[in-house]
There are 2 protein chains.
Amino acid sequence: MRLLLVEDTADLAEAVAIRLGRSGIACDTAGSVAEAQAHLAVQAYDVILLDIDLPDGTGTGLLRKLRAGGLRTPVLMLTALFSVDDRVTALNLGADDYLVKPFDQRELEARIRALYRREQSQKGEEIRLGVLALDPAAQTVTLDGAALQMTRREMTLLELLMRNPGRVMSKERLFEGLYSFDDADVGLNAVELYIARLRKKLSGSGVRIETQRGLGYRLDADG
Amino acid sequence: MRLLLVEDTADLAEAVAIRLGRSGIACDTAGSVAEAQAHLAVQAYDVILLDIDLPDGTGTGLLRKLRAGGLRTPVLMLTALFSVDDRVTALNLGADDYLVKPFDQRELEARIRALYRREQSQKGEEIRLGVLALDPAAQTVTLDGAALQMTRREMTLLELLMRNPGRVMSKERLFEGLYSFDDADVGLNAVELYIARLRKKLSGSGVRIETQRGLGYRLDADG
DNA sequence: CAGCCTGTGACAGGTTAATGACAGGTTCAA
DNA sequence: TTGAACCTGTCATTAACCTGTCACAGGCTG
């Protein structure tokens, strides 16, 4: 899951990001409306955490703009003071949930997962390609019924590829799906590495990852 | 199993929660419709116990809303006075069962387990995996006929795993089934601990718990 | 043929999980 | 009420292994 945290209190933002990161949620942070928009222009997110008080505007203002622009990503509002009016406004503008500071980290995480679950539950279950099947809910990959052992990163990469079979995925695109901005120091070579590891595990599966030199990779079924 | 108890009589709620907790059912309580909705927005439950008389509305009203919203979780209605009309209304609204106060705690628990079992669509009482069998009603585990001694938490964890054999269950997911909000201070490490204890008891049983580093745990039968 | 892109083995570092020891709490019986 | 047995969860230590970098080989492109 990839999440954008818009919050100008650096301490709080960092604490939340670390905590969520530990739970396997890739978390990018923005300290202002402008920064948030910059991130949103470049990166797709599964959930957005939005503080109301921001140095260069309000979270509600940003939310209105985003919804007006057709963005449907679930938004969870955060704020120190939440009057009934604020709350009604926020929900009317298209916020999906809200949380009053100070909040319990565990509750925050639970709500994030609830939003994510709701979003994901609309998506289908198993992804198949030939005899290869990936079940995102069960986090399992089977090859003709036999289980394949995958690590977290391998699973994420394979899911990305299987959701776009036959289509060329650029190395940068795959990288974005695998890493958050905090992992900015990770080299693009890491993608190549995981492609290699996946190929090894998929060898003889009737599914192969083709290299499109200079363009990216494409997942194909034999035949 | 994770359960939501919606009941405004604090004494009763606490008594039931403690009793159920002792049986390995993680029980959150809500004293009002609003509180119940807050919990439901955040946490998935296996069963809901719903009192009819609540300070800010009625249980039937809440039930109607929940069903209208597409929630299919089994609901057991509780009430002091249950006229035939109430009963018919409740069942028509999508309640799965009802119980008239004062009720026997054992009967309550039996009905909860019945609803849960039905939800899990387990035909027989028993869940089997290889030579390992778990009887949720009797709360017993047998290995090739020989009884295995399990503690409350071990039993709950094993049941969670046995109901999802071959699926990777994240540590967080297991934690949710094992602990209620009241146990918020318990560390995730506790799950690891019980996995270790289960493994010890299951050694040589032909059933093993595989670790998927970074993803969770998976119960598998040898072979 | 030169230059760049990609593949891959090996390795170091860091994170995650396993586990033994321990303390507090609960249960149960006397 | 006391004590014993046992269940629970924390902590700290150790082990496992996932991750990503590096380096170099090989191949594609122009």
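These numbers come from the heavy atoms of this one structure, side chains and all, not from hydrogens, waters or symmetry mates. Labels below follow one simple rule: chain letters A, B, ... track the order of the sequence lines, proteins then strands, and each chain is numbered from 1.
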Interatomic distance, [X] [atom1] vs [N] [atom2] [rounded to whole Å]:
| X | N | atom1 | atom2 | result |
| --- | --- | --- | --- | --- |
| Ile18(B) | dG25(C) | CD1 | P | 16 Å |
| Tyr194(A) | dG7(C) | OH | C1' | 16 Å |
| Gln212(A) | dC28(D) | CD | P | 13 Å |
| Leu178(B) | dT8(D) | CG | P | 10 Å |
| Gln149(B) | dA5(D) | CD | P | 17 Å |
| Met150(B) | dT8(D) | CE | C1' | 16 Å |
| Ile209(A) | dG7(C) | CD1 | P | 10 Å |

OP1 or OP2 of [N] sitting under 4.0 Å from any side-chain N/O of [X]?
| X | N | result |
| --- | --- | --- |
| Thr151(B) | dT8(D) | yes |
| Arg153(B) | dG9(D) | yes |
| Lys171(A) | dT6(C) | yes |
| Arg152(B) | dT8(D) | yes |
| Lys200(B) | dG20(C) | yes |
| Arg199(A) | dG7(C) | yes |
| Arg197(B) | dC7(D) | no |
| Thr211(A) | dC5(C) | no |

Where do Met155(B) and Thr140(B) come nearest, in terms of heavy atoms and distance?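 Nearest pair, atom of Met155(B) first, then Thr140(B): CE-N, 4.0 Å.
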
Between Leu161(B) and Met169(B), what is the shortest heavy-atom contact and its length?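 Minimum heavy-atom separation between Leu161(B) and Met169(B): CD2-CG, 4.2 Å.
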
Quick check on DNA chain C: between Tyr217(A) and Glu192(B), whose nearest nucleotide comes earlier from the 5' end?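 Closer to the 5' end of DNA chain C: Tyr217(A).
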
When you measure from the centre of the six-membered ring of Tyr194(B), is the NZ or CZ of Arg197(B) under 6.0 Å away and within 45° of the axis?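 The answer is yes, since Arg197(B) meets both limits relative to Tyr194(B).
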
